[in-house]
4 protein chains.
Amino acid sequence: MALRSEESRRAILDATISLVNPEEGEAISLQKLSIERIAREAGVSKTTIYRWWPSKVAVVIDSFLEYHVARTPFNDELPASEALRDHLASVADVYGGSEGRLLAQVIAECQHDPEAMKEFKDRFWLNRLETSTTLIRRAQDEGTIRDDLSSREVADILYAPIYFHLLLQSGPLDGEWAHRLFDTALEGCRSKK
Amino acid sequence: MALRSEESRRAILDATISLVNPEEGEAISLQKLSIERIAREAGVSKTTIYRWWPSKVAVVIDSFLEYHVARTPFNDELPASEALRDHLASVADVYGGSEGRLLAQVIAECQHDPEAMKEFKDRFWLNRLETSTTLIRRAQDEGTIRDDLSSREVADILYAPIYFHLLLQSGPLDGEWAHRLFDTALEGCRSKK
Amino acid sequence: MALRSEESRRAILDATISLVNPEEGEAISLQKLSIERIAREAGVSKTTIYRWWPSKVAVVIDSFLEYHVARTPFNDELPASEALRDHLASVADVYGGSEGRLLAQVIAECQHDPEAMKEFKDRFWLNRLETSTTLIRRAQDEGTIRDDLSSREVADILYAPIYFHLLLQSGPLDGEWAHRLFDTALEGCRSKK
Amino acid sequence: MALRSEESRRAILDATISLVNPEEGEAISLQKLSIERIAREAGVSKTTIYRWWPSKVAVVIDSFLEYHVARTPFNDELPASEALRDHLASVADVYGGSEGRLLAQVIAECQHDPEAMKEFKDRFWLNRLETSTTLIRRAQDEGTIRDDLSSREVADILYAPIYFHLLLQSGPLDGEWAHRLFDTALEGCRSKK
DNA sequence: CGATAAACGAGACGGTACGTCTGGTCTTGTG
DNA sequence: CACAAGACCAGACGTACCGTCTCGTTTATCG
């Protein structure tokens, strides 16, 4: 009965990424990306896209998730605090580049589309949160991080500045900066004089 | 000769806000807001808008800045750390409401418009940064905050989670949460065992 | 594969005529006629018009040609000179009315649009020329019109005054006048004294 | 009381002609000519044009009349029929060139502007008619043209083909053609067999 | 193995908005 | 008070996409 064409699916996801984060040539902003453009680029009819995705953002989220494979793994053999410190740094490095710009635009698109925001959180963000939660819990077990804080509170303090710099485009966004940030967050800001 | 009409300017800014953050009725998302709509609502011709603003975002930034008067002042008579704690909380409270949604959308629009991002940073963000910098410096002088940290580093740790929760729409965004956040940030996450 | 909608086509042509040569109400000049107006009147989107016609004039020419069915036939049973005389008169009568005004405006629009002029000549004018050529040739065969003149020369002399009065809006434009004109043209202006 | 500035008037008329029938460069069609453009080109404000002319066509008519000085005089010393024949030819020659295109466009503009048409007839056409009337009357007196025809009837037959070819852009428009035309018109089309 | 139901490309359709242009009016100095 | 400068409302321009909707035309099971 004519199953969904994998060929079309691939062409659509690939075309989307290649428009929005091309190997070469000018990238097109997520806002200016249109379904018509994707269809044209993918050699696919609009109908096919509309049949399988509810909106432009949905296509982009799918494309992004396939593309942005978790390239920021953490090291299980290091002490949790070390692994966490390195994870933070690698996340900062990745988000400091073109994928970061893309992520920022995805988050931006989600601001006016609650459905998309839900999708984004379910499929990207919760996954990320889980990664950090695991590490933080381990660090708490290993006794390097206060266990009177919820893992979410710790995650907020550690990861927030990365997204902050990503979205406000203000200040550095790289591994070195992230390392220093981690140290400060752990140490606290209170004067010890 | 023929000076700019203050009447038109007001009508445009007012119409913009009333579309995007109405006292009553359905708000229209910033993305779906169109210059035509603003013109219609303001009883003004498109030309007049295009004459004075380069883009939709520019109008919105102007409107937002006029509307979002600094309603999060800090108290000069309190010790700086108290004032900072309260300021954080009041910012969190405000951004937890409809103005926060608006701000989030403005930031979102800026993701694909470098001009707008610059404008936003120059006119909103730097101003905000200055407020917090002032408070943080005073706290460092008063000896409550480490003075081996730059004020920007402190600001990153303290304010980032607010924008994080604002833009990811994940987790609480209110004064109580902010108070606790402040305490944690000051104290640090390292276990003291 | 989604054929052209005859319904839309009809609506567009009808709306155009009804705006430009309404049964009742005020006619709108061809110059002031806009594609937006036609679309509005026809209950059709602008896109649909632009998809099928290159310009306003093109729509009008199509509309005019459908509307202005050859209502000035010639009689095959009469002697050619009689038929020609009557044809001239009926043309003059028609052009003396509202269709004439319309035709004049179409010709006017063509003055600054070579494409349209070509279209107009190909689809209207050559057709008309052929009608008169046929009659003139027959009259030459029947020996009533000089056969040392090309049919075009005869047509120029016979039909030109009609278009002249039509476009300069100077002088009469009706059957009686045309009859007299025909007689004069045949007889010549030279004094026979 | 600040009288009308002759300087402005000249600049406006000159600019108009130089846009519409430039010595060099691309001519702009009368339809695309705008008051704004004239004002810009003339270094004059729109207000000034609107103060003195009711419409674009009015400006153009004025410009045209100043520019198109009667360069088709007739010779008083020749027999009237000769003078008429030559006059016809010189008119055809002039209208066969760029001034003819301009005139055609003026007449075109008048099709949807009765005021302009009246102005055009009063200031251009009646003047022309008078010229030909004078000649025709003389020819009737001299016995070369039938005096049972009104001068208008003769003028119609003689001049109409020129305007016909001018406005339909169909067929030749030059002196030689006009000469032949004249002869035919005088002789008549009826077969003399 | 042939019917049949889905997925597909193609693309027309009614819409909305874009950013630009011109029209014509009105206002505010300047000379 | 004529004029320049130019702001203003109005509205059309032609284009790009939107999301919906036929259309045939594959294509892959299922009866």
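We name chains A, B, ... by the order of the sequence lines, and we start the count at 1 in each one.
Cation-pi geometry between R9(D) and W52(D) is not met: the NZ or CZ atom fails to fall both under 6.0 Å from the ring centre and inside 45° of the normal.
Within residues 52-64 of chain B, no residue has any heavy atom closer than 4.0 Å to DNA chain E.
Here dA12(E) presents its C1' atom at 18 Å from OH of Y50(C), a figure rounded to the nearest Å. Summarising the geometry, the separation between CD on Q31(D) and P on dT22(E) is reported as 12 Å, rounded to the nearest angstrom. Per the geometry, CD belonging to E36(D) stands 14 Å off P belonging to dA4(F), to the nearest Å. We find that CD1 of I49(D) is positioned 9 Å from P of dG23(E), with the value rounded to whole Å. In this structure, E6(D) places its CD atom 11 Å from P of dC3(F), rounding to the nearest Å. Per the geometry, NZ belonging to K32(D) stands 14 Å off C1' belonging to dT20(E), to the nearest Å. D113(D) places its CG atom 14 Å from the P atom of dG23(E), with the value rounded to the nearest Å. Regarding I35(B), its CD1 atom lies at a distance of 10 Å from the C1' atom of dA17(E), rounded to whole Å.
With sequence neighbours excluded, the residues that form a ring pair (Phe, Tyr, Trp, His ring centres under 6.0 Å) with F64(B) are H68(B), F124(B). Considering only residues two or more places apart in sequence or on other chains, W125(B) meets the ring pair (Phe, Tyr, Trp, His ring centres under 6.0 Å) condition with F164(A), Y163(B). Every residue two or more places apart in sequence or in another chain was checked for a ring pair (Phe, Tyr, Trp, His ring centres under 6.0 Å) with W53(C), and none qualifies. Under the rule for a side-chain hydrogen bond (donor to acceptor under 3.5 Å, both in side chains), the partners of T47(C) that lie at least two apart in sequence or sit in another chain are S45(C).
Nucleic acid contact class of R51(D) (heavy atoms, under 4.0 Å, all strands): base. Residue contacts shown for R40(B) are limited to sugar-phosphate atoms, with no base heavy atom under 4.0 Å away. Nucleic acid contact for R4(B): sugar-phosphate only, since backbone atoms but no base atoms lie under 4.0 Å from a heavy atom of the residue.
Residue pairs meeting the salt bridge (charged side-chain N to carboxylate O under 4.0 Å, His left out) criterion with at least one member in residues 19-31 of chain C, sequence neighbours excluded, do not occur. Within the structure, every pair that satisfies the salt bridge (charged side-chain N to carboxylate O under 4.0 Å, His left out) test and touches residues 103-119 of chain B, not counting sequence neighbours, is listed here: K118(B)-D122(B), E119(B)-R123(B). Within the structure, the salt bridge (charged side-chain N to carboxylate O under 4.0 Å, His left out) test picks out the following pairs touching residues 39-50 of chain B (sequence neighbours left out): E36(B)-K46(B), R37(B)-E41(B).
For K46(A) against dG9(E), no side-chain N or O and base N or O form a donor-acceptor pair under 3.5 Å. Evaluation of atom-type donor-acceptor distances gives no pair under 3.5 Å for the side chain of S45(D) against the base of dG6(F). Between the side chain of T47(A) and the base of dG11(E), a donor-acceptor pair under 3.5 Å is found.
Screening I17(B), V20(B), L33(B), L13(B) for a side chain to side chain contact (heavy atoms under 4.5 Å, CB included) involving V60(B) leaves a single residue, L33(B).
Nearest-nucleotide mapping onto DNA chain E: of L33(B) and S8(A), the residue sitting toward the 5' end is S8(A). Nearest-nucleotide positions on DNA chain F for V44(B) and S34(C) put V44(B) closer to the 5' end.
Recorded end-axis angle for the helix from dC1(E)-dG31(F) to dG31(E)-dC1(F) stands at 0°, based on five pairs per end and rounded to 10 degrees.
A donor atom on one side chain and an acceptor atom on the other are found under 3.5 Å apart for Q31(B) and Q31(A).
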